[in-house]
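Here the structure comes first, spelled out in structure tokens, and everything after it is commentary.
Small disclaimer: the values here were computed from a predicted structure and weren't measured.
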Amino acid sequence: MPTRITNFLHDSLQTGLQVLGTSFNTSDVHVHDLTATLPDFQRTGRNFYGIVEGIHVRLTSAGSPTKVTIRVCADADGDYTLVPDTEATLVAGVTTATSKCAAFSVGIPIFQILAGPGNGSLYLFAKVDDGTGNPVLAQTCITWRE
């Protein structure tokens, strides 16, 4: 009988009030501790090892932007890039046109390497193609599996 392989799906949801502009900066970031929901024996002193499946982004007050670009890094300064700049079209809400969302399919194994910090956290930076109207990075969710 073949061995059965089981995947465990996890998610990290962050909320915020960062006003996005048309370039990345260190104040427009959501910090995702991807080891936070793991049992103690799995996360103590551990770097993150897993496969990031998808990333969802929700903006509010987003009247003008039509695209959002994200970058995922291993550090708060954005110097150790793990997922390079990826752009998606924003989709407006049905009843609230200034509530916009985007989804990214990643599907890449992430290991905190490259001599960067390894604290179990990933730093999701965002920018928009048009900052008019002060679009707010309201929510981000990273879904991953082990």
ask   = CG of Leu34 to OG of Ser121: how many Å apart, nearest 0.5 Å?
value = 7.5 Å

message = How close do Leu90 and Ala102 get, counting heavy atoms only, and between which atoms?
response = CD2-CB, 4.1 Å

Intermediate values then yes/no, side-chain contact (heavy atoms from CB on, under 4.5 Å), Phe24 and Arg71 = CA-CA 9 Å; Phe24 292 118; Arg71 177 187 297 176; 3.6 Å; yes

key: Heavy-atom pair of closest approach, residues Lys100 and Ala92   = CG-CA, 3.9 Å

inquiry  = Within the 3.5 Å criterion, strictly below it, is a donor on Thr66 or Asp129 matched to an acceptor on the partner's side chain?
reply    = yes

query = Out of Thr26, Thr81, Val31, which residue meets the side chain to side chain contact (heavy atoms under 4.5 Å, CB included) rule with Tyr123?
reply = Val31

task = Quick one: list whatever passes ring-ring contact (aromatic ring centres under 6.0 Å, His included) with His10, sequence neighbours left out.
result = Trp144

message = Would you say Ile51 ends up clustered with Ile55 if hydrophobic residues are merged whenever their side chains have heavy atoms under 4.5 Å apart, either directly or through other cluster members?
response = no

ask   = Distance only, no hydrogens: is a donor on one side chain within 3.5 Å (strictly under) of an acceptor on the other, for His30 and Gln18?
value = yes

Side chains of Pro135 and Ser61 in contact at under 4.5 Å (non-hydrogen atoms) = no

task = Hey, could you give me the OG/CZ distance between Ser27 and Phe125, rounded to the nearest 0.5 Å?
result = 9.5 Å

inquiry  = Run His32 and Leu124 through side-chain contact (heavy atoms from CB on, under 4.5 Å) and show every step you take.
reply    = CA-CA 8 Å; His32 291 268; Leu124 192 151; 4.2 Å; yes

task = Treating Ile, Leu, Val, Met, Phe, Trp and Tyr as nodes and any side-chain heavy-atom pair under 4.5 angstrom as an edge, say whether Val57 and Ile108 lie in one connected cluster.
result = yes

inquiry  = Does Leu17 have more than 12 heavy atoms from other residues, nucleotides or ligands lying within 6.0 Å of its CG?
reply    = no

inquiry  = Checking side chain to side chain contact (heavy atoms under 4.5 Å, CB included) between Val52 and each of Val106, Val72, Val83, which is the one that passes?
reply    = Val106

inquiry  = Apply side-chain contact (heavy atoms from CB on, under 4.5 Å) to residues Ile142 and Asp11 and explain how you reach the verdict.
reply    = CA-CA 6 Å; Ile142 296 178; Asp11 67 281; over 6 Å; no

remark   = The side chain to side chain contact (heavy atoms under 4.5 Å, CB included) partner of Asn134 among Thr60, Leu20, Val19 is Val19

key: Gap between atom CG of Leu122 and atom SG of Cys73 - 0.5 Å precision   = 9.5 Å

request  = Is it possible for you to say whether Ile70 and Val136 belong to one hydrophobic cluster, with membership spreading through side-chain heavy-atom contacts below 4.5 Å?
outcome  = no

Atom pair CZ (Phe104) and OG1 (Thr69), whose distance is rounded to the nearest 0.5 Å = 7.0 Å

query = Side chains of Lys127 and Thr22: is there a donor and an acceptor less than 3.5 Å apart?
reply = no

